[in-house]
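A short worksheet on the structure shown next.
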Amino acid sequence: MSLPNPLQWSIIIGLLLLCHSALLSAQTEVSGVRASDSGDTTRVVFDLGGAVEHKAFTLADPHRVVIDIRGARAASDLTLTGQGVVERLRSGARGDGDLRLVLDLTEQVRPRTFLVAPGNGRGHRLVVDLEPHGRRDAESAGRSADSQSRSGARAEPTRSVGNGTRQRDLVVAIDAGHGGVDPGAIGPGGTFEKDIALQVARRLARLLEDKPGLRPLMIRDGDYYMGLRDRTRKARENNADLFVSIHADALDDRRVRGSSVYVLSEQGATSEAARMLAQRENAADFIGGVSLKDKDDMVASVLVDLSRAATVESSLELGDKALEELGRTNRLLRGRVEQAGFAVLKSLDMPSMLVELGFISNPEEERLLRQAEHQENLARALARSIERYAEDVMLPELRMAGDEAGGQEYVVRRGDTLSAIAQRHDVSVGRLRAANDLNGDNIVVGRTLVIP
């Protein structure tokens, strides 16, 4: 058999080069990478040129997470160092056109990966969540111990009140929406919702620190991503009494402006705008606006069973005060508190509201939201509403408990009923109602009851 002549060799080499070029063009490029760390979880996001198949596994000594992506190649500048538990990122070709990504880690982790489809101006993405291996067990043990300590009154910081009795401070959870790789809405001037929400949240926290009987709890105090589960879990673990989630809305119609307040609705949204907003915000376990609601373990964690009726009633009272105070500072979108099915509110068993400071999509309101003076005015309005609600509803209960000679305190927990509490403490339901000025059997989770 004769060997190919030079012309035939040229044709063969050309065909091989063509096939190689076709293979490269068929590969999906991993074009970028970024990471954020919430303290509980390090999230790494890879930007992709298209949909891919992947698998991930861990290696020890040293600790690594390996991600194999089928039919992919890495951009030449794909680098990542010193982010959360990630020491560095390495990449290399593997097999016939596959890509291997290796995350070198500072400690053992539980990895979780999922793909995000294009949306909100972004392409395909591969998200890798890295949770330190021992952290969940430690948190679980801490929650168990905390649950035992709350069999009576909750162990909270206390302070003196005017009559000399002792009472715990009311904890106000302040949730700055979005963060990290999730910017939220973006204004026409390039303003990120996540930045405005955090700036106003910090101002509100500083104001509440000076309010006797109130203690602020920042849910997010930096530019990092937090899922709904992490936000609500932090509020619960710190025994929050109130929950305020701060956002700035956006619509395609740039003429719309004004502040608004939302609380949970069990029956549905009170307006079409509230319904649409709830759909967007309920996709808040997302990257760049793409919902991850198909992830059962994440969604199930925020769709908890709780006694909503009394909580909604209390939330409406809190929302009414917030709307009234915001109306003194800014134009209102509507003159009533809206109700919608927000997951971040559904997963809480305490009075809670979601505040839209204004429409970042409106150029004039975007300009105002960037101004320190306007941010301070909005924060002061929220602080006044929280202080009014606490003085009218929550602090009197604690003072009454402190004044009750020889009386006991009991903090209502999820699943409690008035009759069960009365039976447990060997007291009649009528006496329990009278001691706590109750007109019916509805009780709010987190409320402190006097046991006569």
Side-chain angles (χ1 to χ4, degrees), residues 34-45 83-86 107 109-114 116 125 127-144 146-147 171-184 192-195 197-198 201-202 205 216-247 264 280-304 306 342-350 352-354 414:
R34 55 192 179 279
S36 62
D37 183 66
S38 68
D40 295 326
T41 302
T42 299
R43 169 162 285 186
V44 182
V45 182
Q83 294 289 332
V85 297
V86 179
E107 58 185 298
V109 301
R110 291 184 178 95
R112 181 178 59 194
T113 68
F114 48 89
V116 180
R125 279 144 290 162
V127 180
V128 183
D129 282 344
L130 307 171
E131 180 181 358
H133 192 272
R135 196 163 296 174
R136 186 183 302 172
D137 296 335
E139 288 176 350
S140 177
R143 285 193 293 273
S144 176
D146 181 62
S147 176
V171 180
V172 182
I174 306 172
D175 172 40
H178 309 282
V181 294
D182 167 22
F192 288 169
E193 177 184 0
K194 67 174 184 178
D195 296 332
L198 182 59
R202 285 173 170 167
L217 167 68
M218 287 290 290
I219 298 297
R220 174 176 75 87
D221 196 14
D223 186 17
Y224 48 81
Y225 175 83
M226 287 188 75
L228 294 178
R229 179 176 61 178
D230 296 326
R231 295 169 189 267
T232 54
R233 182 175 63 185
K234 184 172 181 178
R236 281 201 187 93
E237 289 179 348
N238 286 273
N239 301 324
D241 297 283
L242 298 174
F243 187 91
V244 181
S245 190
I246 298 177
H247 294 256
L264 178 66
R280 282 205 306 278
E281 295 298 348
N282 283 351
D285 255 339
F286 65 101
I287 298 295
V290 179
S291 173
L292 304 182
K293 60 184 177 182
D294 59 321
K295 298 301 171 186
D296 292 341
D297 60 333
M298 300 180 78
V299 175
S301 68
V302 297
L303 298 179
V304 296
L306 45 83
F342 293 102
V344 73
L345 303 183
K346 279 184 180 180
S347 55
L348 293 161
D349 47 12
M350 65 193 73
S352 52
M353 64 181 176
L354 187 146
R414 190 163 49 251

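Since the structure is predicted, the reported quantities are computational estimates derived from the model, not experimental observations.
With sequence neighbours excluded, the residues that form a side-chain contact (heavy atoms from CB on, under 4.5 Å) with Ala35 are Val44, Leu80, Gln83. In this structure, the side-chain contact (heavy atoms from CB on, under 4.5 Å) partners of Ala197, at least two apart in sequence or on a different chain, are Ala176, Ile246. Under the rule for a side chain to side chain donor-acceptor pair (under 3.5 Å), the partners of Asp230 that lie at least two apart in sequence or sit in another chain are Arg233.
When all heavy atoms are compared, the tightest approach of Ala205 to Pro216 is O-CG, 3.4 Å. Taking every heavy atom of both residues into account, Arg231 and Phe243 meet most closely at O-CE1, 4.4 Å. Here the closest non-hydrogen pair linking Pro132 and Arg110 is O-NH1, 4.2 Å. Closest approach of Arg220 to His178, counting heavy atoms only: NE-O, 2.7 Å.
Under the 3.5 Å distance criterion, the side-chain polar atoms of Asp175 are left unmatched by any main-chain donor or acceptor of Val244. Between the side chain of Lys234 and the backbone N or O of Ile219 there is at least one donor-acceptor pair closer than 3.5 Å. Between the side chain of Thr42 and the backbone N or O of Val85 there is at least one donor-acceptor pair closer than 3.5 Å. With hydrogens and angles disregarded, no donor-acceptor distance shorter than 3.5 Å links the side chain of Asp129 to the backbone of Arg43.
Using a 4.5 Å cut-off on side-chain heavy atoms (C-beta onward), Asp182 and Lys194 make no contact.
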